[in-house]
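Naming: A, B, ... by sequence-line order, numbering from 1 per chain. What's counted below: heavy atoms across the whole structure, side chains too, no hydrogens, waters or symmetry copies.
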Number of protein chains: 2
Amino acid sequence: MAIMFGETGMRTRTSSYQALKNGSSPNPPLLCAETTVAISRSFSQDKMWLNGKEQSMDNPRIQNCLREIRRRVRKRKTLEENSTEQEDLLNCHIHICSKNNFPTAAGLASSAAGYACLVFTLGKLFGVDGDLSEIARQGSGSACRSMYGGFVQWCTGDEENGTDSVAQQVASEKHWPSLRILILVVSNQKKGTSSSQGMQQSVRTSELLKFRSEKVIPRQVNDITQAIKEKDFSKFAEITMKDSNQLHAICQDTFPPIKYMNDTSWGIVELVHKYNSFCGETKVAYTFDAGPNACLYLLEPCVPEVISLIRYCFPSSSDGKHFITGLPVQSVALSQELIQGLQFTPCPDGLQYIIHTQVGSGPELVDEQMLDANGLPKTKCT
Amino acid sequence: MAIMFGETGMRTRTSSYQALKNGSSPNPPLLCAETTVAISRSFSQDKMWLNGKEQSMDNPRIQNCLREIRRRVRKRKTLEENSTEQEDLLNCHIHICSKNNFPTAAGLASSAAGYACLVFTLGKLFGVDGDLSEIARQGSGSACRSMYGGFVQWCTGDEENGTDSVAQQVASEKHWPSLRILILVVSNQKKGTSSSQGMQQSVRTSELLKFRSEKVIPRQVNDITQAIKEKDFSKFAEITMKDSNQLHAICQDTFPPIKYMNDTSWGIVELVHKYNSFCGETKVAYTFDAGPNACLYLLEPCVPEVISLIRYCFPSSSDGKHFITGLPVQSVALSQELIQGLQFTPCPDGLQYIIHTQVGSGPELVDEQMLDANGLPKTKCT
């Protein structure tokens with residue numbers, strides 16, 4: 001029985017259909033998916049557990065990933081003609097155990113991290129070399145980006161069959177060490193449209209989407225790549241915000257329209273613009289994915305003031321100690337000038353908590369197994 | 001001293017930059033602006049009162065309207081060379097008294113109704129004939145539409161100087177007698193961006209706006225005009241909703257982004273789509289202007305059920321009697337099948353009140369004066 005482990009940093013993207021991602025944080029990652037895949041002759045069927053709950057394997061996205069991995073193994077076998085062990089592997093059933101240590105289906109890219117992790121793990125298990133991002137993409141489009149660390153671009157590609165729609169690293173996680181990420185997890189989330197369903201609806205019904213894909217995105221990807229390479233924060237921030245806004249504009253132009261941002265998300269947008277305007281320069285950027293939670297980018301020296309400001313504007317009535325997790329941060333007092341300058345009406349309990357993190361590394365093997373010798377989830381994973 | 005009176009139905013538009021409007025309701029209008037203009041040699045300066053409060057005349061939008069009206073008078077005078085009375089009129093100061101019987105600056109087109117009313121009144125006062133919609137447009141773009149009753153199109157025009165950007169009636173208020181309008185006034189409105197400021201920001205910063213203006217709007221205007229002429233409700237409704245969605249998509253694509261719709265507005269969008277889907281046909285359409293309030297279109301037979309449904313989904317804890325104003329409506333019980341089919345989570349006190357109205361007529365002269373013999377607002381207007 002072979003058991004392999006994979007782990008991927010969460011992706012916190014700055015663009016949408018063809019874009020750049022940042023993984024998250026150092027070892028062990030603050031936000032990550034973790035997957036164990038076991039393969040054995042003794043298994044009577046394929047099985048899967050996600051965050052402790054057994055899931056149907058009857059999911060076309062998982063089946064796509066498995067089929068593509070097996071196709072690659074067969075292709076290599078035909079070339080090499082050397083291994084009965086490979087044949088064995090292909091005939092065995094597998095057990096998959098996966099978990100995220102951050103909220104799923106909340107616009108925090110849990111499926112991107114999860115599918116990247118699954119494909120990476122399957123790749124190791126079956127000994128598949130080469131770029132796996134094309135396979136990860138078939139589980140969840142943006143999962144291809146999570147196959148690498150640092151800043152990653154998802155290339156559109158030219159081929160009809162999508163085989164060249166793969167991810168490539170723009171810069172490693174070590175490139176811009178002062179960049180920080182604050183994830184603002186919004187309260188009272190109503191489960192809305194899933195990102196993949198939403199995207200399909202947009203492709204069918206939004207007239208503005210075609211213009212965005214053809215005319216806007218290619219230039220934005222080019223510009224933000226340059227901004228990252230030059231570590232030009234204000235340029236990076238402005239493109240990030242504009243791109244997030246335009247993505248949600250497309251969601252609204254979809255029919256029926258899709259809404260991911262709620263009134264609290266918009267409160268965050270207002271606060272960021274007011275703060276930047278008060279500072280006289282762009283010090284913070286926001287981006288929203290398929291949910292109401294905000295992802296803020298900023299440079300390390302700004303973190304203490306911005307976190308204090310968020311605590312002031314979105315005061316939490318519960319335990320303050322658990323309101324911020326992740327990298328440590330010093331508390332600072334806000335100046336009266338800033339508070340009065342912003343004219344922001346506080347929204348009590350608008351946020352559940354804040355995660356303070358940074359650009360992370362790509363998938364990596366870890367020692368801990370989540371399946372026991374019988375291929376069943378260990379107690380702590382259920 | 002000459003005193004003239006004008007009154008215009010409010011416009012509840014179905015499109016944005018170049019669009020169609022419906023005035024509102026029978027005589028006396030449920031939603032209207034009313035303006036008295038007095039002119040006298042005894043006035044020492046121009047003065048203006050809006051909803052009882054004196055306003056500065058130092059407003060470029062008002063000055064534009066006055067200048068254009070006076071220019072037309074002079075032009076005619078030059079042609080006719082007959083009247084010293086006209087010369088007199090041009091040298092006198094004026095007093096303006098205006099009021100709306102519906103919320104101002106809440107996305108209910110109060111400035112459109114107000115400027116249309118002012119220009120119509122000035123036109124009567126100075127005896128200016130011909131199309132005045134080009135002048136009204138200089139007070140508030142969409143005011144040109146409120147110069148006519150029924151369904152009105154605001155034509156883009158081809159001239160650089162905008163002189164052919166005028167309104168024209170597509171169909172009169174008698175054309176589609178079964179069409180009804182429900183205005184859902186949303187609670188806890190936060191004063192946001194004004195529509196004219198917002199539009200200027202969008203023109204400067206939204207990349208999607210140009211595509212919308214050039215590629216989408218001309219076809220939509222054509223299609224909705226045809227739908228109105230054919231009284232094809234489901235076509236009319238679908239274009240109305242898509243156009244509203246796209247207008248707000250452009251607002252979101254503006255930088256910084258503009259948000260007019262709040263969580264309650266989105267609750268209304270969700271309810272309308274769920275109801276239409278339950279009915280198996282498009283029975284209700286929503287449209288949102290520069291504020292969170294919804295304007296629903298529907299045919300008269302659907303009104304009782306839809307109003308009952310809104311009362312169920314947005315229950316009001318205050319006096320139910322004043323929750324609905326306007327045209328009378330019969331109360332009906334909702335079927336359990338409908339309630340269970342919709343799966344809508346009620347939002348208590350999401351709405352302030354509902355106005356039930358219909359397509360209205362254009363501006364008309366009324367007898368009541370709002371200024372007394374000294375040119376000052378009568379007590380009831382302050």
With the side chain counted from C-beta on, respond yes when [X] and [Y] share a heavy-atom pair under 4.5 Å apart, and no when they do not.
| X | Y | value |
| --- | --- | --- |
| A:Gln252 | B:Met261 | yes |
| B:Glu207 | A:Gln246 | yes |
| B:Lys210 | A:Phe211 | no |

Subject >> Member of A:His273, A:His248, A:Met241 meeting the side-chain contact (heavy atoms from CB on, under 4.5 Å) criterion with B:Pro257 >> reply: A:His273
Original post:
Just wondering, more than 12 heavy atoms not from B:Glu337 lying within 6.0 Å of its CD?
Top reply: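 No, not enclosed.
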Original post:
Roughly how far, to the nearest 0.5 Å, is OG1 of A:Thr264 from CG of B:Asp263?
Top reply: 7.0 Å
Original post:
How far does CG of B:Leu208 sit from NZ of A:Lys215, to the nearest 0.5 angstrom?
Top reply: 13.0 Å
**OP:** Output the option from B:Val216, B:Asn276, B:Asn245 having the highest count of non-hydrogen pairs under 4.5 Å with chain A.
**Re:**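 Heavy-atom pairs under 4.5 Å are most numerous for B:Asn245.
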Subject >> Under 4.5 Å from any heavy atom of chain A - which part of B:Thr254 >> reply: backbone
